[in-house]
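Beneath this line is the structure, given in structure tokens, with notes to follow.
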Amino acid sequence: LDAAAAEEELRRGLWKDDDPSVVLEAASALRRTLSVANNPPCSAIAQRNFVPRLVELVAAAHYEDQVSVQIAFEAAWALTNVASGSNWDTAVVVAAGAIPVFVAHINSSTNTDLAEQCVW
């Protein structure tokens, strides 16, 4: 896939609310894209308006629903990777409301993996 097609596939997957397995795969793919060692595309993801959706996915975790927790974990990981980019990237994550969502999971999560990812 070319970059535009790959981006569109990620976008369709992340917003596919009626199929959590598709959302999970898209969140995981985005996290893997941001986890590359050299020049992760933090700013590109921030500029393309993925960050607010990732915050929504972290906020939507229901601890009794393991798939929603897995989605939240992947989305939190992607957000912390974006935040590790430039100062502007960090500001985008903060402005999208990630900090209160992370703190809520740290304070109340029964899933230690998710809480730990939110600390990053």
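The chain is numbered in sequence order, starting from 1. Below, all heavy atoms of this structure are taken into account, side chains as well, without hydrogens, waters or symmetry copies.
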Notebook entry, point to check: So do Ser108 and Tyr63 actually touch side chain to side chain, heavy atoms under 4.5 Å?
Noted result: yes
Margin query: Could you check whether Glu56 pairs with Arg53 (Lys NZ or Arg NE/NH1/NH2 to Asp/Glu carboxylate O, under 4.0 Å)?
Written below: yes
Next item on the list: Might you point out which heavy atoms bring Ala76 and Val58 nearest each other, and give the distance in Å?
Entry: N-CG2, 3.4 Å
Notebook entry, point to check: Is Val101 reachable from Ile106 through a run of I, L, V, M, F, W or Y residues, each pair having side-chain heavy atoms under 4.5 Å apart?
Noted result: no
Next item on the list: Among Arg32, Glu25, Gln117, Arg31, find the one that has a side chain to side chain contact (heavy atoms under 4.5 Å, CB included) with Glu74.
Entry: Arg31
Item checked: Atom CG of Asp19 with >12 non-hydrogen neighbours under 6.0 angstrom -> yes
Note to self: Between Phe73 and His105, is the ring centroid distance below 6.0 Å?
What the structure shows: no
Notebook entry, point to check: Should the heavy atoms of other residues, nucleotides or ligands under 6.0 Å from CH2 of Trp120 be counted, would the total exceed 12?
Noted result: no
Check: Would you say Asp89 and Ser86 make side-chain contact, with heavy atoms under 4.5 Å?
Finding: yes
Check: Would you say the side chains of Asn81 and Ser84 form a donor-acceptor pair under 3.5 Å?
Finding: no
Next item on the list: Say whether, by atom type as modelled, one donor and one acceptor occur between the side chain of Ser68 and the main chain of Ala61 under 3.5 angstrom.
Entry: no
Notebook entry, point to check: Taking atom CZ of Phe50 and atom CG of Leu57, what is their separation to the nearest 0.5 Å?
Noted result: 11.5 Å
Check: Under 4.5 Å between side-chain heavy atoms, hopping through other hydrophobics if needed: is there a path connecting Leu30 to Leu114?
Finding: no
Note to self: Any heavy-atom pair between the side chains of Leu34 and Val82 that's under 4.5 Å?
What the structure shows: yes
Notebook entry, point to check: Under a 4.5 Å side-chain heavy-atom rule over Ile, Leu, Val, Met, Phe, Trp and Tyr, are Val67 and Leu14 clustered together?
Noted result: yes
Note to self: Measuring only between side-chain heavy atoms, which start at C-beta, is Thr33 closer than 4.5 Å to Pro40?
What the structure shows: no
Check: Of all heavy-atom pairs between Val55 and Ala96, which one has the smallest distance, and what is that distance?
Finding: CG1-O, 3.6 Å
Next item on the list: Identify the heavy atoms of Arg48 and Glu7 that sit nearest to each other, and give their distance.
Entry: NE-OE1, 2.8 Å
Check: Looking at side-chain heavy atoms only, is the closest gap between Lys16 and Arg12 below 4.5 Å?
Finding: no
Check: Hey, any chance Trp77 and Val23 share a hydrophobic cluster, counting ILVMFWY side chains that come within less than 4.5 Å of each other, even indirectly?
Finding: no
Check: Would you say the side chain of Phe102 lies within less than 4.5 Å of the side chain of Leu79, judging by non-hydrogen atoms?
Finding: yes
Check: Which atoms form the tightest heavy-atom contact between Trp88 and Ser43, and what is the distance?
Finding: CZ3-O, 4.1 Å
